[in-house]
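Working notes for the structure below.
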Amino acid sequence: MGCCGQRMIMEAVAIGVAILAFVSVFTVMKLGSSIQSSLVGSASGCQFPAVFNFGDSNSDTGASSIALRRVPPPYGQTFFRKPSGRYSDGRLIIDFIAEKLRLPYFSAYLDSMGTNFRHGANFAVGGATIKSEPSIIPIHLSLQLYQFEQFKSRAIELYNQGNKLFAMSLPRPKWFSKALYTIDIGQNDLHAGLLSLTEEQVKASIPGLIDHSALAIEKLYQEGARAFWIHNTGPVGCLPSAINNLPKTGNADPNGCIKSYNEVAQEFNKQLRDRVTQLRNKFQDALLVYVDIYKAKYSLISEAKQHGFVNPLGFCCGHHKDSSLKCWDDAVVNGTKVYGASCSNPSEYISWDGIHYTEAANYWISNRILDGSLSDPQINPTPLSSLSSWQHFHQQTFRLLFRWTVLIDVKFHDEKLGLRDLTATIQPVALSLSLWTYSYSSLKSSRSAP
């Protein structure tokens, strides 16, 4: 085929791609306009109809308190005014994610008293690990995954029986493929290792942890999951409990954190990110978002005073009023049960009890990760919930398509563009249209659900 004939074919392909892109956008605009009236002013315009969470005490909303030992006062005092099963004085990052998505707070799967799983379930348990670690607790990521599989199977079975009571308290069967799957686990594996092994031995164990995490993601994919929000692990060397109990002379970074401990966490995060990239290439019809929790938390610790926090390595609960009790402990004194004492100003602390973060710190971190700047790819999970959001969506769409059209035109007329180059040029169009289609279909499904 002559060069003129090849150029004509490539120009035809480019024009076809541009036309397809514009037609797709007009289609989405038309469909979007049909539901704008239901979006405006709605309190439930969520992009994802449900969320299923897996993790440890950083996102446990009551499982450990139900299955193992009730979380005592003063936990929960800031927001819930009583213990809520959360290891904080108030809300966790997973709670702020729920608020951003305009969903109710997620009930712990193990909590059978008055719970509603309509918009998801939380399988996280305080102390949970990626791999089975008998010295901590018996609940690990593989067991949480098994619980999810049982939950999904029973939920679909009960829904299909037509029982209205169950139907209103369980996710619709099709929501399992439209839901967001969040994962935040690994801190306990590293912490347990650092207590009993050398740092090099812990680093050597990381590939096995990553393999287990990847296997869990693959199993969830096989169960129909298509949207994943995966947190890396935080700076374990900045936990006050680690610094106070295991001082490392000459091993502190500029913020006073244990440098070598944080290097272990960074190695875990590097390998996790690499594996998420591999899984993204393997499951191209899924959205896997890697979230840099480490960077958000370490930034807060580094800039604590700028954001209104006091000593970034201090903690609020468990060492005040001359109390020797840790925050989660209790004792009987003169016939009266007493608990670990809280400071009077928890909002000024980053750490609540030496291990877990305060509500104020969780709020700050959530704002950092939910704007998409610390995620790969950079995606904001906030729902399209107003007319202005749709208008912004349309404007950005046309700007991007205009730039791509100009780019293709320039390449054809100024360069010798081959078919392989053409494919590389139009890939962004296909990727973006896929993401927009997924977002719209999830939104439309959630709006049409009873």
Side-chain angles (χ1 to χ4, degrees), residues 53-60 64 68 87 123-147 181-221 228-248 251-253 257-280 282 288 290-298 354-356 376:
N53 180 66
F54 306 84
D56 51 32
S57 57
N58 288 315
S59 59
D60 181 358
S64 179
L68 302 174
Y87 287 90
F123 298 89
V125 181
T129 52
I130 296 174
K131 294 180 69 175
S132 177
E133 190 70 42
S135 63
I136 305 180
I137 66 167
I139 300 178
H140 46 85
L141 184 57
S142 296
L143 183 56
Q144 292 181 28
L145 189 65
Y146 173 77
Q147 291 172 340
Y181 291 78
T182 56
I183 301 173
D184 185 343
I185 196 168
Q187 177 176 308
N188 291 325
D189 297 85
L190 300 184
H191 187 257
L194 290 168
L195 290 177
S196 58
L197 305 171
T198 67
E199 287 149 17
E200 290 305 314
Q201 288 174 321
V202 178
K203 286 183 180 180
S205 72
I206 290 175
L209 299 177
I210 301 302
D211 286 343
H212 274 71
S213 296
L215 181 60
I217 294 171
E218 291 195 38
K219 287 184 176 180
L220 287 171
Y221 177 87
F228 298 86
W229 183 263
I230 305 165
H231 291 183
N232 65 13
T233 197
V236 294
C238 296
L239 296 176
S241 62
I243 296 171
N244 294 337
N245 296 330
L246 298 168
K248 297 285 183 177
N251 190 20
D253 69 9
C257 303
I258 302 175
K259 183 179 178 181
S260 59
Y261 279 22
N262 281 347
E263 289 174 348
V264 171
Q266 290 168 344
E267 178 60 27
F268 175 90
N269 293 340
K270 177 184 179 298
Q271 293 189 33
L272 177 63
R273 184 169 193 161
D274 290 344
R275 184 61 64 88
V276 170
T277 299
Q278 294 174 16
L279 291 172
R280 193 180 295 132
K282 181 177 181 179
L288 289 93
Y290 171 90
V291 184
D292 196 350
I293 284 285
Y294 183 101
K295 186 173 183 179
K297 290 182 175 180
Y298 195 79
I355 298 176
H356 309 98
D376 176 24

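No side-chain donor-acceptor contact under 3.5 Å links Asn269 to the backbone of Asn232. Side-chain atoms of Asp184 do not come within 3.5 Å of backbone N or O of Gly55 as any donor-acceptor pair. No donor-acceptor pair closer than 3.5 Å links the side chain of Gln144 to the backbone N or O of Ile139. Judged by distance alone, the side chain of Asn188 and the main-chain N or O of Ala128 form a donor-acceptor pair under 3.5 Å.
Taking OG from Ser205 and NZ from Lys131, the interatomic distance works out to 7.5 Å, rounded to the nearest 0.5 Å. Atoms NE2 and CG, on His356 and Leu239 in that order, are 9.0 Å from each other to the nearest 0.5 Å. Rounding to the nearest 0.5 angstrom, the gap separating the CD atom in Glu200 from the CD atom in Glu267 is 9.5 Å. In this structure, Asn58 CG and Tyr87 OH are separated by 11.5 Å, a value rounded to the nearest 0.5 Å. Atom CZ of residue Arg273 and atom CG of residue Asp292 lie 7.0 Å apart, to the nearest 0.5 angstrom. Separation of atoms CD (Gln278) and CZ (Arg280) is listed at 11.0 Å; rounding is to 0.5 Å.
The side-chain contact (heavy atoms from CB on, under 4.5 Å) with Val202 is formed by just one residue from the set Asp189, Leu195, Leu194; it is Leu194.
Using a 4.5 Å heavy-atom threshold, the side chains of Leu141 and His212 count as separate. Counting heavy atoms from C-beta on, the side chains of Lys282 and Ile217 never come closer than 4.5 Å. Looking only at side-chain heavy atoms (C-beta outward), Ile185 and Phe54 stay at 4.5 Å or farther from each other. Taking the side chain as every heavy atom from C-beta outward, Thr233 and Leu272 never approach each other to under 4.5 Å.
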Problem set entry | His231 vs Ile293, side-chain contact (heavy atoms from CB on, under 4.5 Å): CA-CA, chis, key distance, verdict | CA-CA 6 Å; His231 291 183; Ile293 284 285; 3.5 Å; yes
For this session: Would you sort out whether Asn53 and Thr182 count as a side chain to side chain donor-acceptor pair (under 3.5 Å), showing the intermediate values?
Result: CA-CA 5 Å; Asn53 180 66; Thr182 56; 2.7 Å; yes
For this session: May I have the step-by-step check of side-chain contact (heavy atoms from CB on, under 4.5 Å) for Arg275 and Gln271, ending in yes or no?
Result: CA-CA 6 Å; Arg275 184 61 64 88; Gln271 293 189 33; over 6 Å; no
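The two atoms that bring Gly234 and Ala265 nearest to each other are O-CB, 3.6 Å, heavy atoms only. Nearest heavy atom pair, residue Ser213 against residue Ile130, reads OG-CD1, 3.4 Å. The two residues Pro138 and Leu143 come nearest to each other via the heavy atoms O-CD2, 3.8 Å. Taking every heavy atom of both residues into account, Ile206 and Val264 meet most closely at CD1-O, 3.7 Å. The two residues Val236 and Ala242 make their nearest non-hydrogen contact at O-CB, 3.8 Å. In terms of heavy-atom proximity, Gly127 sits nearest to Asp56 at N-CB, 4.4 Å.
Between Tyr294 and Tyr298, the ring-plane angle classifies as parallel under the 30° and 60° cut-offs. Classification of the Tyr181-Phe228 ring pair by plane angle, with boundaries at 30° and 60°, yields tilted.
No more than 12 heavy atoms of other residues, nucleotides or ligands lie within 6.0 Å of NZ in Lys259, so this atom counts as exposed by the packing criterion.
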